[in-house]
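Notes follow once the structure below has been shown.
We name chains A, B, ... by the order of the sequence lines, and we start the count at 1 in each one.
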Amino acid sequence: MSDYRRRANRTLAGLAIAIVMAYALPYGLLRDQPVWAAAFLVWLLFGVGVIALIARLVSDWQP
Amino acid sequence: MTAGLTAALVLYALIGVGVALAARRGLGAGASEYYLAGRRAGGFISALSYGATTYSAFMMVGLAGLTYAGGVGALGFELVYLAGLGLVAIFGPRFWLASRAFGFITPAEMLSHRYASRWVGGVMAVTACIFLIPYSAVQLMGIGYLVSAMTDRVIGFEQGIFIGAALALIWTLAAGMRSVLWTDALQVVVMLVSSLIAVGFVLAALGGPAAFLASTRADYGEWLAVPGPGLFSLSTFIGLTVPWFFFSISNPQVSQRLFTTESLGAMRTMLLGFLVLGFVYTLISVIWGFSALQLVPGLDQPDLATPRLLATAAIPAPVAVVLVVGIIAAAVSTVDSILLSLSSLAARDLYRPLAPGGAREMLAGQAVILVVTTLAIVFARLQLDLITVLSVAASSGLLVTVPSIVGCFFWRRGTAAGAIVSMVGAGVAVTALQLSGTDPLGVPASVCGGALAVGLFVAVSWLTRPDSARAEAFLAPVEEGLARHRIR
């Protein structure tokens, strides 16, 4: 398998994990925490993270 | 307020009409020119237009209201949508390469070709019309309510509807996708700048960002928790986010944009630009909703949070006027893109198969724009509950097209019968569930509809004979292009 395909597979796996965590963390570990540094912070980091992962996914494109 | 808002609306309309007419210059002939801006859209303007099309009046009114009612879950809900843009990184190049190879104008046309049946595209076009016309009507209703509330009914609800519909119609008819792209770029700037200024004022009224964080934590801690005050149970959250996650490929007014960029580099710019824009606009809308909790507490109807907040002393009248124009811009820019997309679907996937040689296809498409606008106005004026339900069901309803779209590129065994049965069967089922408010065994209706669509597509495809030669011919240029551009 070529390098760009391997890298893309890893990034897609990262994206899938991030999406699962976006449900699991706020509704599991951080459930009922009435503070900013709980669900709000997790989703904020999730947003930044998925933008970074998608940027990485398209960075190998050779238009 | 009334005089200021009227003047601002006139100025906004005049600038928009000027921009739309300017876009006519350089407009060539043919469906590709009209519906896809000649497939020459740059990355930057595409990012702005994608943002304007995706984000409707829902953000500063509906999402702010969801935050007001349900708290931080609204942020998660909207950011899961943004994560769904990862699908553009996967499907975007495939849509683009297929459209370049075969000259597709609409996503439905692509499905018709791939599955070797015009019925597939026809069913997809009808599905889009059923759900997106009510969705447009609700956008017009939003403009009507907002304008009449902000002007103490000097400008009435019906006049608001007509203003929104007229602007969307002119900006669509002027030069098709070219005028939509140009006016969208103008409108997204108005949307973002006006909301940024407005949220700055409400934060200042609450004593600054640090005081806002502290007072929210102290007085509304429950709204920072999940599931919070009750709206965002895990089941509701999943039910809302699953169709939203697939929005970028299920909704033709945005998936069609994957055909318009001048290159794959421009598509990359569009995607990344939109992600940044969407993240910022989401944060603004959620902070706006949290601010409303403190400045206008105790509202029975959360959707009134924004109009009530605009009427407080926290927002100077000129800023309120600019924000109202920004919200109207968000609604109009969504409606005009839907008008154009439905026009292309009706012309290419319903009219053309019936008219030998596709005679007068462009005229038919423009007639459809008028018909759809009229229907949206009629529905908006009737204010039927059914329209609102269908609009809310739009993302779930369009989710049923996803298995056929995925199968188009990733499952050679998929058949036309599988695609048609899954879209019709699951579409009818999910609409019935939404209308009756039923969640079978506690599973959200949208998830049931999506699962049923997958099941029907797979089962019926296995029971019917695939057109393997067509699948190979369709995928060959796509796979060759992916390898050439080093795309997974």
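- Atom CG in B:L234 sits 7.5 Å away from atom CZ in A:R31 (nearest 0.5 Å).
- Among B:L75, B:L275, B:L283, B:L213, the residue with the largest count of heavy-atom pairs under 4.5 Å with chain A is B:L213.
- Ranked by non-hydrogen atom pairs under 4.5 Å with chain B, the options A:V35, A:L15, A:I19 are led by A:V35.
- The two residues B:F279 and A:V48 come nearest to each other via the heavy atoms CZ-CG2, 3.8 Å.
- Using a 4.5 Å cut-off between heavy atoms, A:S59 contacts chain B through its backbone alone, with no side-chain atom that close.
- Interface remark: of the candidates B:L482, B:L271, B:T241, B:T241 forms the most heavy-atom pairs closer than 4.5 Å to chain A.
- Only the backbone of B:S233 comes within contact range of chain A, with at least one heavy atom under 4.5 Å from a heavy atom of that chain.
- Distance CG/A:D60 to CZ/B:R268: 9.0 Å, rounded to 0.5 Å.
- Considering every non-hydrogen atom in both B:A483 and A:Y4, the closest pair reads CA-OH, 3.9 Å.
- Rounding to the nearest 0.5 Å gives a distance of 11.5 Å between CZ of B:F77 and CH2 of A:W43.
- Taking all atoms of both residues into account, the shortest heavy-atom contact from B:R488 to A:A8 is CB-CB, 3.4 Å.
- Expressed to the nearest 0.5 Å, how far CG of A:L41 lies from CG of B:L224 amounts to 11.5 Å.
- Note on ring orientation: taking the six-membered ring where Trp is involved, the planes of B:F212 and A:W36 are tilted (angle from 30° to 60°).
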>> Please evaluate residues B:V88 and A:I54 with respect to the criterion side-chain contact (heavy atoms from CB on, under 4.5 Å), reporting the C-alpha separation (whole Å), side-chain torsions for both, the decisive distance (0.1 Å), and the verdict.
In response: CA-CA 9 Å; B:V88 172; A:I54 294 172; over 6 Å; no
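- Minimum heavy-atom separation, A:P63 to B:G265: CB-N, 3.3 Å.
- Using a 4.5 Å cut-off between heavy atoms, B:L272 contacts chain A through its side chain alone, with no backbone atom that close.
- Your options are B:T216, B:L82, B:T282, B:V276, and the one with the most heavy-atom pairs under 4.5 Å with chain A is B:T216.
- Contact tally against chain B (heavy-atom pairs below 4.5 Å) for A:L44, A:V42, A:L53, A:D3: the top residue is A:L44.
- The parts of A:A55 that come within reach of chain B are both its backbone and its side chain, each placing non-hydrogen atoms under 4.5 angstrom from that chain.
- Within a 6.0 Å sphere centred on CZ of B:F410, heavy atoms belonging to other residues, nucleotides or ligands number more than 12.
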>> Could you walk me through whether A:F40 and B:V226 satisfy the side-chain contact (heavy atoms from CB on, under 4.5 Å) test, starting with their C-alpha distance in whole Å, then the side-chain angles of each, then the deciding distance to 0.1 Å, before giving a yes or no?
In response: CA-CA 9 Å; A:F40 187 91; B:V226 170; over 6 Å; no
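- The CG atom of B:L85 sits 12.0 Å away from atom CG of A:L57, with the distance rounded to the nearest 0.5 Å.
- Annotation: maximal heavy-atom pairing with chain A below 4.5 Å, among B:G221, B:G228, B:G92, B:G71, occurs at B:G221.
- Taking each heavy atom of B:A89 and A:W61 in turn, the nearest pair found is O-CZ2, 3.5 Å.
- Contacts between B:F232 and chain A at a heavy-atom distance below 4.5 Å involve backbone atoms as well as side-chain atoms.
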